Every structure is written in C-alpha cells, then in structure tokens.
Q: 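I have a structure here, written as structure tokens, and I will follow up with some questions on it.
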Amino acid sequence: MEWLYSLFTSGGIAHTVLILALVIAGGILLGKIKICGVSLGVTWILFVGIAAGHWGVFISRDVLHFIQEFGLILFVFSIGLQVGPGFFSSFKHGGLTLVGLASSIVLLGVLTAYLIHVITGTPIPTMVGILSGAVTNTPGLGAAQQAYTDACGIEDPSIALGYAVAYPLGVVGIIFSMLFIRYAMRVKFEREDEALAAISDEHKLPEKIALECTNKMLSGHPIAHIRELINRRFVISRIAHPDGTIVLADGRSVVSLGDRLLVICSPEDREAVTAFFGVQIEMDEKAWANSSDSKLISRRILITRSEINGKTFADLRLRTRFGINITRVNRAGVDLIPYQGMQVQIGDRVMVVGPEAAVQKVADVLGNSLKKLKQPHLLTIFLGIALGVLLGSIPLLNVPQPVKLGLAGGPLIVALLLGRFGPKFHLVTYTTMSANLMLREVGIAMFLAAVGLSAGDGFIDAIVGGGYRWIGYGVIITVLPLLLVGFFARIWLKMNYYTLMGLMAGSMTDPPALAYANGTAGNDMPALSYSTVYPVVMFLRVLTAQVFILFGL
C-alpha cells in the first residue's frame, strides 16, 4: 500500500488531481443536504477544502493559484456570455427602477462594510471577504483576492476566511429579510395576486389577432406606408381578400376595404392597432391556411448556420427569394416582433409562414439543425478569455496602486460585450444552457476548492483569535441594506411583494433565496425581477470588491 500513501503525499500531478477531485466531490455531496429547505450548494466545496487544508492536505501554492484563477475566469466568462443580452436590455422597459434599487443595495452594503471597518478596526482585506460572504457573491471574492495579490505581490488568507465565516448566515439573512418585511408590512398574498394581473400584462408574449379593415383612409395603400402612419410595431402575416383568396403580406402588399388581416402585435399595442385598422373578427387558424395557390403552413425554424449569424432580415431577403413571411422571433425564450433591421443570432427560432415547399427551402437556408446547435464554438470562448485577460491587465487608475479590472472583471466585461454585440462581428456566442452550466460549475468548483485548500491552514486560529465577530459583521452587512431598500420599495414605490422578493434575491445573486421566493410566490414574478437585476449586480459586485481592496491599501 506504499503506492497509495505516496499518491496522497508525494505532491505530483496525480496527487494534485486526486486531491482536487476528492474535495470537489465531497463538497457536491454535502451540497445536497438541505436544512429547512435551504442548501449552501457548491459553497460546501469551500468548507471541504478548508477542512482538508486544516488537516494538512498540501498542494503546491503555484498550482493552487493557477487552478483558482483559471476556475474564476471560466466561471465569470460563462456568466457574462449568458447574461450579456439581458445586461443592456435591463435598462429598458421599466427595468431601470429595479436596477437602481438593486444597485443601491450593493452600494449600501459596501458603505456598511466600510463603517464597520472604521468602527472596529478590522482590516479592509478581511472586511471585503466578509462582505463577499455576507452577500453570497463568489466572483466578488475572487476579484478581491486577485486585486490584492496584484497590488501587494502576496495573498491574504483572511479574505477567504472572512468569506467562509460570513457566507452561511448570508443565505439565511436574505430569507429572514424577506420574511421580516412580509410580516412587518402585513403582506396579504390575496392582494398581491390581484395586483399581479396588472403587472403581468407588461410581460405577455406577442398576440395574433384577426382584423377587418374598415378604415377608408388606409384603403389602397401598401403596408410599408401604413406602418409610417402609426407609431406601433406590428406584423401583418396574411391578407384574406373579399373574394376568398388568401395571400402572404409584405411591405408592398396593398390593403383594401373589407380585407381581413392576420396581425401579430404586443398586448399593449393591441387596442391601438385594432382601432387603427377597423374591427376585430373571429377567424380560426385553419381558415387562414386555405389559399387559392397552395396550402399555407406555419413552422418554427431554428437558426444554426454560423454564416448568417449577425445578418439582418433585410440582408437575407427571405420574403423576396421564397415568398414567405416571418411573424415572430423567439430569442432566449422570449417572442419578439421582427423587423427588417433585426439581426439574427445562432439559436433564434423564427416563425415562418408560407407554402410548405418554400418553408422547407427557408429551413435549409437557416440551418434548422439541432445537432449543429449542440456543437461548441470554442473560438469565441478562448478568444474572449484572451481579450478579457488583456483588458483586465490594463492599469486604469493609480490610488496609490494601479487599479485594474483583473482576471475577474476583464473577462466578465468582454463576455458581456460578446454576448450582446458578438453577432455583429459574426462571432457565434450561443451556447446551450447545459453547456454554459457545465462550464460555469466546473469553473466555480475549481475556484472554491483552491481557495479552501489555501485558507484551511489558519481557519481555526482565525476564528479563535476574534474571527467569531465576523459572523455578526456579516449579518449586519446582509440584513441592513436589504431592509432599508426593501421598506423603501414597498412603502414609497408600492412594489408588489413577489417582485420585491426577486429583487432582494437578485441583489445578492443568491439562487437559494430565489428558490425560496419562487416557492413562496407560486409564480414567475420573483424570477423575472431576479433576472432583470442579476447582470448589473454581478458586474457591480466584482467591481466594488476590487475598488474597496485597492482604495484601502
């Protein structure tokens, strides 16, 4: 059995891989344990690593540092790719209020941590670790560690120790804050459900309606001209003439009195569009499919050809070439109303209406191959990581040490930009959800295992030497900003409680809190507000952790 003893103690490559795998596997198994329905998830990997480090398990510092930084890069880059489109769109369509409130929670947390530092004298690196644990934000921990190492040339284990001590009650504190506001404000779910109906109207999918044209002012004009007369976005899919013929509509199609129109528009535009054209009528889908020329069908087609990634519908000229009409575009689970200047992206699903033979030709042009969609596009990932490392290494300020975005902030910003603008440069940024989750979970597991093994040697000494106070500091940092902003949103902004729960969970980027909010609400409103603020909050958590570290040196 000497070979087995040597494997655990020799310090070679096999030893490193074995220890890393065992720490990660042990943490994942413990992460399945739930207490009152709440689990710490993959954060258990950190605690298993700390325990292993405390009992003398050793991996080379240089190797651990590489594992930690590369894992962090994979994690933040995959997050950036996923949330890139939502990061910019979250500032639109009423999301600005939610983003502003979530940003206030972030900044109040930093201010609270700084005040605790001033009052207690706790070193800022330790305080930033406590802050990252209290708000359950692992990328912030990585950003702080990397910023401190770049500035000082050495690591400070107290950052990871503060994180580990504050994290468990950070999860509990978020849920406690939700419950406290619920009972303090005497929230009645029946009233919230009534208010939810009005709120949910803002998030309905585009609707199909059948209209009869009775507006004499529109008779004889093409659709392209009619669109200029009303400031609403809509698509006319088909026109049924009084003689019974049904034709596909495009910008040149002429509308006449008595024509029946199949229109796709958003719910908020429905009333205005109906009044503009005439009156709504009943006409089922089968009636619209009957054409004097050929049977019309509608089919969702998946865009999988990388050559057309980033091109507009005007560039593709699908209507002119094949005589079809595109009525909707489903992107990331959301139906959008198409227009000529809209850029298509790999992974989009377009609703195509037309004769069966023409629709099949369009499918051939767009790809429609699920197998191709599952193939990874590694060029974008590694090119993005390289650009992120370059961006993260650029000195931005000197206060007194150079402020850099670092190996967390640089790849995150590049991934956000690629996720949003990559298709314009014909870069395929689409990854399946399972592939993105795999990349993300592997990265965070490597990071947490390396951090735990590095910090384990001094964990008990730190707690005994006064680290138990960090638990209280963390609770204050968790609860105080949430309660201040939560009561403000509820009392002055009259925010729906379901939306408020999602806002609170999103401001802490905390999945267990979101799971609790979804289970309590029984609807999707918490998830909607969570996803609205998540991208901006993740960016701010990474940035403020680095700035806090560097301004405290």
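Only this structure's heavy atoms are used, side chains among them; waters, hydrogens and symmetry mates stay out. Note that the structure is predicted; figures quoted are calculated from it, not measured.
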Q: Calculate, to the nearest 0.5 Å, the distance between atoms CG and SG belonging to Leu261 and Cys213 respectively.
A: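 Going from CG on Leu261 over to SG on Cys213, the span is 6.0 Å.
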Q: What distance do Ile385 atom CD1 and Thr380 atom OG1 have between them, rounded to the nearest 0.5 Å?
A: 11.0 Å
Q: Could you check whether Phe234 and Phe277 have their ring centres less than 6.0 Å apart?
A: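 Under 6.0 Å, so yes.
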Q: Can you give me the closest heavy-atom contact between Met504 and Ile181, atom names plus distance?
A: CE-CD1, 3.9 Å
Q: Within the structure provided, determine whether Arg490 and Met495 are in side-chain contact (heavy-atom separation under 4.5 Å).
A: no
Q: To the nearest 0.5 Å, tell me how far Asp348 CG sits from Ile303 CD1.
A: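 Asp348 atom CG to Ile303 atom CD1 measures 5.0 Å (nearest 0.5 Å).
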Q: Does some side-chain heavy atom of Val352 sit less than 4.5 Å from a side-chain heavy atom of Phe322?
A: no
Q: Taking all non-hydrogen atoms of both residues into account, name the closest pair between Ser507 and Val533 and its distance.
A: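 The answer is N-CG2, 4.1 Å.
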Q: So, do Phe77 and Phe382 sit near enough that their side-chain heavy atoms are less than 4.5 Å apart?
A: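 When only atoms from C-beta onward are counted, Phe382 and Phe77 do not touch, as no gap falls below 4.5 Å.
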Q: What are the two closest non-hydrogen atoms of Arg260 and His241, and how far apart are they?
A: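 Nearest heavy atoms, Arg260 then His241: NH2-O, 4.0 Å.
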Q: Could you note down all residue pairs passing side chain to side chain donor-acceptor pair (under 3.5 Å) where residues 269-283 supplies at least one of them, sequence neighbours left out?
A: Glu207-Arg270, Arg232-Asp269, Ser266-Asp269, Arg270-Gln280
Q: Could you grab the distance from atom CG of Asn137 to atom OG1 of Thr509, nearest 0.5 Å is fine?
A: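 Taking CG in Asn137 and OG1 in Thr509, the distance rounds to 4.0 Å.
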Q: Does some side-chain heavy atom of Arg305 sit less than 4.5 Å from a side-chain heavy atom of Lys311?
A: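 The answer is no, as the side chains (C-beta and beyond) never meet within the 4.5 Å cut-off.
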Q: Which atoms form the tightest heavy-atom contact between Val485 and Leu108, and what is the distance?
A: CG2-CD1, 3.7 Å
Q: How many angstroms lie between CD1 in Ile477 and CG in Leu131, if you round to the nearest 0.5 Å?
A: 5.5 Å
Q: Let me confirm one number: the CG-OG distance from Leu98 to Ser103, rounded to the nearest 0.5 Å.
A: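 Atom-to-atom, Leu98:CG and Ser103:OG are 10.5 Å apart.
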